[in-house]
Amino acid sequence: MDTIENRLQAVKSRIAAACAQAGRDPRDIVLVAVGKQFPADALRAAHAAGQRDFGENQVQEAAAKLDALAGLGLRLVWHFIGPVQSNKTRTVAERFDWVHSIDRLKIAERLSAQRPAAAPPLQACVQVNVSGEASKGGVPPAEASALAHAVARLPRLALRGLMTIPEPTTDQALARRRFETVRDLQAALVRDGLPLDTLSMGMSDDLEAAIAAGATMVRVGTAIFGARRRT
Ligand SMILES: *Cc1c(COP(=O)(O)O)cnc(C)c1O
């Protein structure tokens, strides 16, 4: 049957197969279920099937879902993966565990300043625009190092690594090269002394290529929840 539970299971099987192929341990990959455009009930179904990490890309929509799912308790981990506008930083700082889409120091500074003192630091990734598409967020690869070092100095953010969304392609070799570029950037930052352990890359169509290149977090929407309307 085509249920969220079965699709979630199918995604986990794909992750396991990709890990086997790459000689990696599936326990080293966090699956972030991206429920954007889907109602809280869809996330509830994924939660009932054992899913704990959820990604959203739109602040207002996310805030409503966090309210709706508050009853599920503290074990949910919320990842903000969309563009962060400066008038929305407070919601991200107050309600999310992770932000994957840092591409401006000014936004990172606001998030750090607004992170509540009682909460653990906001876990953060710098987004890299690896394909140079004007429509996508992220810093050019040449600017990733400077931004990462600046973000790493902010007191209430914990820089964990890099995130990327390459251009859509059916060319798995190209996808893999894009992911490897980001992996190499991350390795250079680690050599510089930044304690990074997260590569957020891979979605429904390219998670195998991302895992082959070293992804530790894959963000999967369509393959779990179904097709979305085009935005
Ligand atoms: C929507 C979205 C995803 C999930 O994409 P799918 O192709 O549906 O798996 C992953 N990352 C980001 C940043 C997104 O906005």
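Just follow the structure's listing: the first ligand is 1, and inside any ligand the first atom is 1. For clarity, every value in this text was computed on a predicted model and none was experimentally measured.
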Asker: Counting from 1, what ligand 1 atoms have a heavy atom of Ile81 closer than 4.0 Å?
Answerer: 11 (N), 12 (C), 13 (C), 14 (C)
Asker: At what distance is the nearest protein heavy atom to atom 8 (O) of ligand 1, and which residue and atom is it?
Answerer: Thr222 OG1, 2.5 Å
Asker: Under 4.0 Å from any heavy atom of Ile165, which atoms of ligand 1 are there?
Answerer: 13 (C)
Asker: Taking the minimum heavy-atom distance to atom 7 (O) of ligand 1, which of Ala33, Pro83, Ser204, Gly35 ranks first?
Answerer: Ser204
Asker: Is any side-chain heavy atom of Met163 closer than 4.5 Å to a side-chain heavy atom of Met201?
Answerer: no
Asker: Classify the ring geometry of Trp78 against Phe96: parallel below 30°, tilted from 30° to 60°, perpendicular beyond 60°.
Answerer: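 Perpendicular, since the angle between the ring planes exceeds 60°.
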Asker: For the side chain of Arg156 and the backbone of Leu111, is there at least one donor-acceptor N/O pair under 3.5 Å apart?
Answerer: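 No, the answer is negative, given that no donor and acceptor are paired below the 3.5 Å cut-off.
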Asker: Considering only non-hydrogen protein atoms, determine which one is nearest to atom 3 (C) of ligand 1 and report residue, atom name and distance to 0.1 Å.
Answerer: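 For atom 3 (C) of ligand 1, the nearest protein heavy atom comes out as Met203 SD, 3.7 Å.
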Asker: Taking 4.0 angstrom as the limit and counting only heavy atoms of Val220, give me the atoms of ligand 1 inside it, by number and element.
Answerer: 9 (O)
Asker: Just by modelled atom types, is the Ala209 backbone N or O under 3.5 Å from a matching donor or acceptor in the Asp206 side chain?
Answerer: no
Asker: Only heavy atoms count here, so choose which of Gln37, His100, Lys36, Arg219 is nearest to atom 14 (C) of ligand 1.
Answerer: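 Residue with the shortest heavy-atom distance to the ligand atom: Lys36.
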Asker: Side chains of Ser200 and Arg219: any donor to acceptor distance under 3.5 Å?
Answerer: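 Yes, a side-chain donor-acceptor pair sits under 3.5 Å.
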Asker: I need the Ile15 CD1 to Leu31 CG distance, nearest 0.5 Å.
Answerer: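 Between Ile15 CD1 and Leu31 CG, I get 4.5 Å after rounding to 0.5 Å.
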